[in-house]
Amino acid sequence: MHGREGLSADATLRKALNDAEAFMTLRFKLPPGGDVPPITAARRMGLSLDAFRDALPELVARGFPQADETTGNFDLDAIDTWRRTRNPHLFPDRLDLSENPLMSPVTAPDTNEIIRQKIIAGLTPAKNP
């Protein structure tokens with residue numbers, strides 16, 4: 001290829017490479033944490049909003065953090081923590097759930113009952129073995 005044909009082919013190739021790179025990059029940025037709308041929570045999970053809504057009941061049953069009752073927003077930090085609990089062997093320095101494993105909100109004990117038990121335990125004299 002000589003002259004203009006060579007330049008045209010180079011420009012076409014360059015445009016195709018740029019388009020491919022643009023196609024493969026994310027078109028949105030996720031905030032590092034905080035409360036976010038459902039679409040952002042869906043993106044954090046790598047799902048479309050519709051797929052996220054379809055999967056949400058099963059995710060919640062597995063302990064996925066529920067949306068805030070008032071705002072309907074999700075806590076990205078809680079989502080990230082939940083995601084890491086699925087593979088604790090990969091995050092040994094960041095997450096130790098051996099003493100306090102995460103529980104599903106459905107099975108989590110009542111906070112008032114936990115506090116009551118701790119108060120009773122603190123008031124009960126220790127037994128000598």
Side-chain angles (χ1 to χ4, degrees):
M1 289 185 210
H2 295 82
R4 288 187 170 172
E5 290 178 14
L7 292 176
S8 177
D10 288 344
T12 302
L13 178 60
R14 205 171 313 124
K15 182 178 181 331
L17 290 173
N18 287 337
D19 289 347
E21 288 175 9
F23 178 74
M24 290 192 277
T25 61
L26 293 176
R27 295 182 182 184
F28 52 84
K29 297 210 185 258
L30 292 175
D35 284 0
V36 296
I39 184 67
T40 307
R43 288 175 179 162
R44 178 66 112 224
M45 295 297 294
L47 300 170
S48 69
L49 181 57
D50 290 338
F52 179 69
R53 286 183 174 151
D54 290 344
L56 193 56
E58 186 177 340
L59 289 169
V60 169
R62 293 176 44 213
F64 187 83
Q66 295 187 21
D68 180 80
E69 293 176 12
T70 305
T71 65
N73 289 339
F74 289 85
D75 180 348
L76 280 183
D77 297 322
I79 291 172
D80 289 341
T81 299
W82 178 83
R83 287 178 31 250
R84 287 182 179 102
T85 62
R86 295 180 300 174
N87 297 293
H89 61 286
L90 298 176
F91 303 97
D93 58 330
R94 293 186 183 173
L95 188 61
D96 182 11
L97 297 175
S98 59
E99 292 183 21
N100 299 308
L102 293 179
M103 296 183 173
S104 164
V106 175
T107 60
D110 179 36
T111 305
N112 291 329
E113 179 62 21
I114 293 171
I115 293 170
R116 187 182 74 73
Q117 289 176 3
K118 288 185 177 191
I119 291 172
I120 291 171
L123 295 175
T124 306
K127 297 179 184 177
N128 290 332

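All residue numbers refer to positions in the sequence shown, counting from 1. If you're wondering where the values come from, they're calculated on a predicted model, not measured in any experiment.
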### Task
Measure the spacing between CG of Asp75 and OG1 of Thr81 and express it to the nearest 0.5 Å.
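That separation rounds to 8.0 Å.
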#### Entry: Spatial distance of atom CZ (Arg44) from atom CD1 (Ile79) [nearest 0.5 Å]
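Reported to 0.5 Å precision, the distance equals 7.5 Å.
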On a heavy-atom basis, which atom in [X] and which in [Y] lie closest, and how many Å separate them?
{"X": "Pro65", "Y": "Trp82", "answer": "CD-CB, 3.8 Å"}
{"X": "Ala41", "Y": "Phe52", "answer": "CB-CZ, 3.9 Å"}
{"X": "Pro57", "Y": "Asp54", "answer": "CD-O, 3.5 Å"}
{"X": "Ser48", "Y": "Ala42", "answer": "O-CB, 3.8 Å"}

State, yes or no, whether a side-chain contact exists between [X] and [Y] at a heavy-atom distance under 4.5 Å.
{"X": "Phe64", "Y": "Met45", "answer": "yes"}
{"X": "Asn73", "Y": "Val36", "answer": "no"}
{"X": "Leu59", "Y": "Arg62", "answer": "yes"}

### Task
State whether the side chain of Asn87 and the backbone N or O of Leu90 hold a donor-acceptor pair below 3.5 Å, judged by distance alone.
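The answer is no, because no donor-acceptor pair under 3.5 Å joins these two groups.
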